[in-house]
Amino acid sequence: MSLTLRTISRDEHLAYIRSLPSASHMQVPAWGDVKAEWRSESLGWFDASGRLVGAGLVLYRQLPKLKRYLAYLPEGPVINWHAPNLEEWLRPMLAHLKQQGAFSVKMGPPVVIRRWNAAAIKAGIQNPEVKRLREVEPTVLEPKAFEVADQLRRMGWQQGEDGGAGFGDVQPRYVFQIPLRDRTLEEVQKGFNQLWRRNIKKADKAGVQVVRGGFEDLPAWQRLYEVTAERDKFRPRPLMYFERMWRVLNEEEPDRMRLYFAMHENEPVAAATMLIVGGHVWYSYGASANHKREVRPSNAMQWQMLQDAHQLGAHVYDLRGIGDSLEDTDHLFGLIQFKVGTGGEASEYLGEWDFPLNKLLHKALDMYMSRR
């Protein structure tokens, strides 16, 4: 297969994304506008007949005082990852990025390598000898993913650090997803554990109502989000980040980003953002108050978001990152415990991969990142 690569317009890029069942929300053209501190470019792969057969959003971050860039394709590019010769896809990309002044390339192949169902994870949690998810025998193994990893290594790509739960610029290697394809809502709810079902009923009995918000409600979201950041000890993004996210994503595709609130006695006590690309729906950011936790607003909100995703015809509801530790002493253990209760499955992606185009600058960046 003879492939050529060139810069494409946003319209060409968006039309290609729309032609697919789904793609990462980080690979739509508007994501480059969300990441305003990066320069962005849309790349297109064309076959011998001139047909667009792949696309990628590249984010460029400039090194201080140098016209050299880190080129980053988060959860991309969107290409045929199981092609027999991946080099035909990636070699022209590397040549183009080098020409653009990139000293290093980072990408995140959207390729799943292992899956664990909820029962397997619960058994792992209950086994005192098991410390990490990777020590649990997977429910599904994807042999083709190992072939992809082998090809990347042979080409000189280096596997990046484990993204853990992905709270930062590095995307999560382990995520938790609820499959919706060919399942009724009743079947989805049957997969919930007893605690989840009980908490949904408790929220309903307490009068929790889940409502959709708009752009004008983002300050209310921000207040809850900052309370959550202080409680969970992470650095919150500013309000302007979410305002920009809402504006650019929904201008590109109406209803790509949604905002939900769980209300109790006319007070917002939990909130979440949702992202939609084709048949893939993500629970993106979540927040909750320190009080009224006993009325279980987060369970009620997730159940409403799941119902809405199902109504949209989504084939997966993605709860995003989890850590792989199964020990209750780990600070992220509560997150995996909460998500496992939905009866979904954990998926391990290939993780992020680096290609140093300038080994000296790449090493300098590595040293800088390790000191952060």
Side-chain angles (χ1 to χ4, degrees), residues 22-27 31 35 38 54 56-59 61 70-83 86-87 89-90 93-94 97 102 104-116 120-121 124 131-177 280 282 284 316 318-326 330 332 335-336 339 344-357 362-363 365-366 368-370 372:
S22 69
S24 170
H25 61 278
M26 296 181 190
Q27 282 295 302
W31 193 254
K35 298 295 174 183
W38 300 68
L57 178 75
V58 187
L59 303 175
R61 173 68 74 90
L70 168 66
Y72 183 33
L73 294 96
E75 298 184 3
V78 185
I79 59 173
N80 178 9
W81 283 97
H82 298 299
L86 255 185
E87 197 164 354
W89 293 82
L90 298 179
M93 181 184 83
L94 289 173
L97 297 175
S104 186
V105 181
K106 182 183 282 291
M107 66 177 183
V111 176
V112 172
I113 194 164
R114 298 179 187 88
R115 297 185 196 274
W116 296 263
I121 300 167
K131 307 296 182 192
R132 298 198 166 273
L133 185 57
R134 66 190 75 169
E135 295 167 16
V136 177
E137 188 173 341
T139 318
V140 177
L141 206 57
E142 303 285 359
K144 284 185 177 178
F146 291 94
E147 292 169 23
V148 173
D150 286 344
Q151 285 198 67
L152 291 175
R153 285 191 194 96
R154 285 199 298 271
M155 288 170 59
W157 288 86
Q158 301 168 3
Q159 196 154 22
E161 291 298 309
D162 186 347
F167 299 118
D169 288 333
V170 178
Q171 303 314 318
R173 182 164 181 167
Y174 297 89
V175 301
F176 203 87
Q177 299 170 334
H280 203 126
W282 292 265
S284 178
V316 64
D318 197 322
L319 287 153
R320 291 294 284 164
I322 52 172
D324 88 323
S325 174
L326 300 183
D330 188 274
L332 291 174
L335 196 64
I336 193 168
K339 294 178 181 182
E345 59 187 20
S347 297
E348 179 190 358
Y349 282 82
L350 273 184
E352 297 199 316
W353 293 70
D354 299 307
F355 195 99
L357 294 166
H362 177 83
K363 193 171 183 182
L365 179 74
D366 265 359
Y368 168 73
M369 294 301 283
S370 68
R372 283 175 72 190

**OP:** Identify, with sequence neighbours excluded, every residue that meets side chain to side chain donor-acceptor pair (under 3.5 Å) alongside Q151.
**Re:** none

Subject >> Set of side chain to side chain donor-acceptor pair (under 3.5 Å) partners for S347, sequence neighbours left out >> reply: R115, Q177

**OP:** Begin from the C-alpha positions of L152 and L90 and carry the test side-chain contact (heavy atoms from CB on, under 4.5 Å) through to its verdict.
**Re:** CA-CA 9 Å; L152 291 175; L90 298 179; 3.5 Å; yes

Might you point out which heavy atoms bring [X] and [Y] nearest each other, and give the distance in Å?
{"X": "Q27", "Y": "P77", "result": "OE1-CA, 4.0 Å"}
{"X": "L86", "Y": "M155", "result": "C-SD, 4.4 Å"}
{"X": "L335", "Y": "I322", "result": "CD2-CA, 4.5 Å"}
{"X": "K131", "Y": "E135", "result": "N-OE1, 2.9 Å"}
{"X": "A102", "Y": "L357", "result": "O-CD1, 3.5 Å"}
{"X": "G54", "Y": "I79", "result": "CA-CG2, 4.4 Å"}

**OP:** For K339 and G321, indicate whether the former's side chain and the latter's backbone hold a donor-acceptor pair under 3.5 Å.
**Re:** yes

Subject >> Donor-acceptor under 3.5 Å (E75 side chain, A23 main chain) >> reply: no

Subject >> CA sep, side-chain torsions, deciding dist, call: I113, E142, side-chain contact (heavy atoms from CB on, under 4.5 Å) >> reply: CA-CA 5 Å; I113 194 164; E142 303 285 359; 5.6 Å; no

Nearest 0.5 Å, please: how far is [atom2] in [Y] from [atom1] in [X]?
{"X": "D354", "Y": "M107", "atom1": "CG", "atom2": "CE", "value": "9.5 Å"}
{"X": "W282", "Y": "L319", "atom1": "CH2", "atom2": "CG", "value": "13.0 Å"}
{"X": "T139", "Y": "E345", "atom1": "OG1", "atom2": "CD", "value": "7.5 Å"}
{"X": "S24", "Y": "D318", "atom1": "OG", "atom2": "CG", "value": "9.0 Å"}
{"X": "R173", "Y": "Y349", "atom1": "CZ", "atom2": "OH", "value": "13.0 Å"}
{"X": "M26", "Y": "K35", "atom1": "CE", "atom2": "NZ", "value": "7.0 Å"}

Original post:
Are the charged groups of E348 and R132 less than 4.0 angstrom apart, N to O?
Top reply: no

Please examine the side chains of [Y] and [X], heavy atoms only from C-beta on, and report whether any two atoms are closer than 4.5 Å.
{"X": "D324", "Y": "I336", "answer": "no"}
{"X": "S325", "Y": "L332", "answer": "no"}
{"X": "K144", "Y": "V148", "answer": "no"}

**OP:** Take L57 and V78 through the side-chain contact (heavy atoms from CB on, under 4.5 Å) test and state the conclusion after the steps.
**Re:** CA-CA 9 Å; L57 178 75; V78 185; over 6 Å; no

Subject >> Test log, rule side-chain contact (heavy atoms from CB on, under 4.5 Å), inputs E137 and R114 >> reply: CA-CA 9 Å; E137 188 173 341; R114 298 179 187 88; over 6 Å; no

Subject >> Test ring pair (Phe, Tyr, Trp, His ring centres under 6.0 Å) applied to W31 - qualifying residues, sequence neighbours left out >> reply: H25

Subject >> Qualifying residue for side-chain contact (heavy atoms from CB on, under 4.5 Å) with P138, from V136, L141, V140 >> reply: L141

Subject >> Exercise: do Y72 and E352 side chains pair donor with acceptor under 3.5 Å >> reply: yes

